[in-house]
**Q** 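I'd like to ask you about the structure that follows.
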2 protein chains.
Amino acid sequence: MPQLLYLDDLAVGRKFATRSTTLTLEACKAFAAEFDPQPFHLDEAAAQRSVFGRLAASGWYTAALTMRLLVEGELTIAGGLIGLGGEMTWPRPTYPGDTLRVETEILAVRVSESKPDRGIVTARNQTLNQHGEPVQIAVVKMLVPRRPAA
Amino acid sequence: MPQLLYLDDLAVGRKFATRSTTLTLEACKAFAAEFDPQPFHLDEAAAQRSVFGRLAASGWYTAALTMRLLVEGELTIAGGLIGLGGEMTWPRPTYPGDTLRVETEILAVRVSESKPDRGIVTARNQTLNQHGEPVQIAVVKMLVPRRPAA
């Protein structure tokens with residue numbers, strides 16, 4: 001069992017890693033067919049004529065895989081990873097064959113004024129490809145419980 | 001064929017709608033099993049003990065379905081819907097059985113200085129449930145081509 005982390009454990013600057021995962025062409029196309037059926041995510045010839053230059057993964061597939069990596073990663077928050085929202089950018093496309101991992105850094109920690117048993121943690125989740133280049137940068141706010149009194 | 005929209009067509013304040021879609025319990029669980037395998041997205045009993053009170057859809061499923069609705073909706077941008085990033089909040093959970101649709105409003109339009117054949121459009125995509133309550137509010141930046149000279 002991984003150690004459960006509470007608000008009290010998440011000091012600003014603390015970092016967390018995940019394993020990595022490699023995107024297959026088949027899975028990229030399957031996700032796109034279900035959720036983002038645009039030609040540059042489904043068809044190589046159409047993708048060559050698009051701004052991507054070749055078949056690119058949907059940004060929402062990158063986002064969904066990022067979540068999967070986070071859930072299985074070192075940031076094992078008590079009560080789970082519950083996002084309230086955040087700011088997200090895709091500085092470059094993700095392509096089939098890319099290998100992604102996520103690096104998290106804690107940016108801010110705030111105890112709730114109305115509900116002192118919990119708080120809001122701001123974290124930066126950088127999804128990096130095999131060249132160490134960010135393909136998604138998400139600065140997110142998460143709901144995190146405080147450690148219960150012993 | 002829907003009319004293709006260029007930067008020149010996207011005046012600030014213009015609105016676009018989508019069809020609606022109803023979430024099934026099975027699809028919510030299948031998405032969560034693949035991308036967000038946390039107990040409150042997979043197991044009713046665990047969800048009852050969580051902050052959600054009952055089994056809730058992954059926010060990333062809401063995001064992915066929002067994209068699907070947008071791709072099939074009225075915002076038929078020439079070259080496709082290409083997001084660069086944005087700010088996203090989930091003001092309330094989405095539950096199986098909810099019926100979602102998306103309302104888009106154009107907030108800003110800017111021609112690129114370095115590449116005058118294209119520009120950046122800022123839009124607010126509100127994903128609403130069957131009660132008209134927002135379950136996701138995304139203010140996104142999109143890459144949009146200008147209308148080519150005739």
Side-chain angles (χ1 to χ4, degrees), chain A residues 21 27 30-42 46-47 49-52 56 58-72 76-93 115 117-118 134-145, chain B residues 21 27 30-42 46-47 49-52 56 58-72 76-93 115 117-118 134-145:
Chain A
T21 187
F31 186 96
E34 191 169 356
F35 297 115
D36 194 350
Q38 302 196 83
F40 40 72
H41 296 321
L42 290 167
R49 296 188 300 268
S50 76
V51 294
F52 296 109
S58 169
W60 301 106
Y61 187 47
T62 303
L65 285 175
T66 295
M67 188 66 201
R68 174 73 191 227
L69 291 172
L70 286 169
V71 168
E72 297 174 353
T76 50
I77 293 178
L81 294 175
I82 299 179
L84 303 173
E87 240 184 284
M88 204 155 83
T89 58
W90 293 302
R92 58 180 58 71
K115 294 175 179 166
D117 64 340
R118 65 193 72 177
V135 294
Q136 180 178 293
I137 303 172
V139 176
V140 299
K141 288 186 192 306
M142 292 182 296
L143 190 64
V144 179
Chain B
T21 188
F31 186 96
E34 191 169 356
F35 298 115
D36 193 351
Q38 303 196 82
F40 40 70
H41 297 320
L42 290 168
R49 295 188 301 267
S50 77
V51 294
F52 296 109
S58 169
W60 300 106
Y61 187 47
T62 302
L65 285 174
T66 295
M67 188 66 200
R68 173 73 192 226
L69 291 171
L70 286 170
V71 168
E72 297 174 351
T76 50
I77 293 178
L81 295 175
I82 299 179
L84 303 173
E87 240 186 284
M88 204 155 82
T89 59
W90 293 303
R92 58 180 59 70
K115 295 176 179 165
D117 64 340
R118 66 193 71 176
V135 294
Q136 181 178 293
I137 302 172
V139 176
V140 298
K141 289 188 193 304
M142 292 181 297
L143 190 65
V144 180

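Because only heavy atoms are used, hydrogens play no part in the values below, and waters and symmetry mates are left out as well, while side chains stay in. By convention in this document, chain letters (A, B, ...) are assigned in the order of the sequence lines, proteins followed by strands, and residues within each chain are numbered from 1. Just so we're clear, the structure is a prediction, and the values are computed from it rather than from any experiment.
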**Q** Highest number of heavy-atom pairs under 4.5 Å with chain B: which of A:S58, A:A138, A:P145, A:P37?
**A**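 Sorted descending by pairs with chain B, the first entry is A:P37.
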**Q** Which label fits A:F35 and B:Y61: parallel for a plane angle under 30°, tilted from 30 to 60°, or perpendicular past 60°?
**A** perpendicular
**Q** Just wondering, do B:M142 and B:I77 contact through their side chains at under 4.5 Å, heavy atoms?
**A** yes
**Q** With a 4.5 angstrom heavy-atom cut-off, which part of B:A56 approaches chain A: side chain, backbone, both or neither?
**A** neither
**Q** Sequence neighbours excluded and cut-off under 3.5 Å, please list the side-chain donor-acceptor pairs for residues 79-91 of chain B, or say none.
**A**
unit_1, atom_1, unit_2, atom_2, d
B:W90, NE1, B:G59, O, 3.4
B:W90, NE1, B:Q136, OE1, 3.0

**Q** Quick one: side-chain contact (heavy atoms from CB on, under 4.5 Å) partners of A:R49, sequence neighbours excluded?
**A**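 A:R49: side-chain contact (heavy atoms from CB on, under 4.5 Å) contacts with A:A45, A:A46.
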**Q** If you tally heavy-atom pairs under 4.5 Å against chain B, which of A:L69, A:V51, A:T66, A:V71 wins?
**A** A:V71
**Q** So what's closer than 4.5 Å to chain B heavy atoms on A:A27: side chain, backbone, both or neither?
**A**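 Neither part; nothing is under 4.5 Å.
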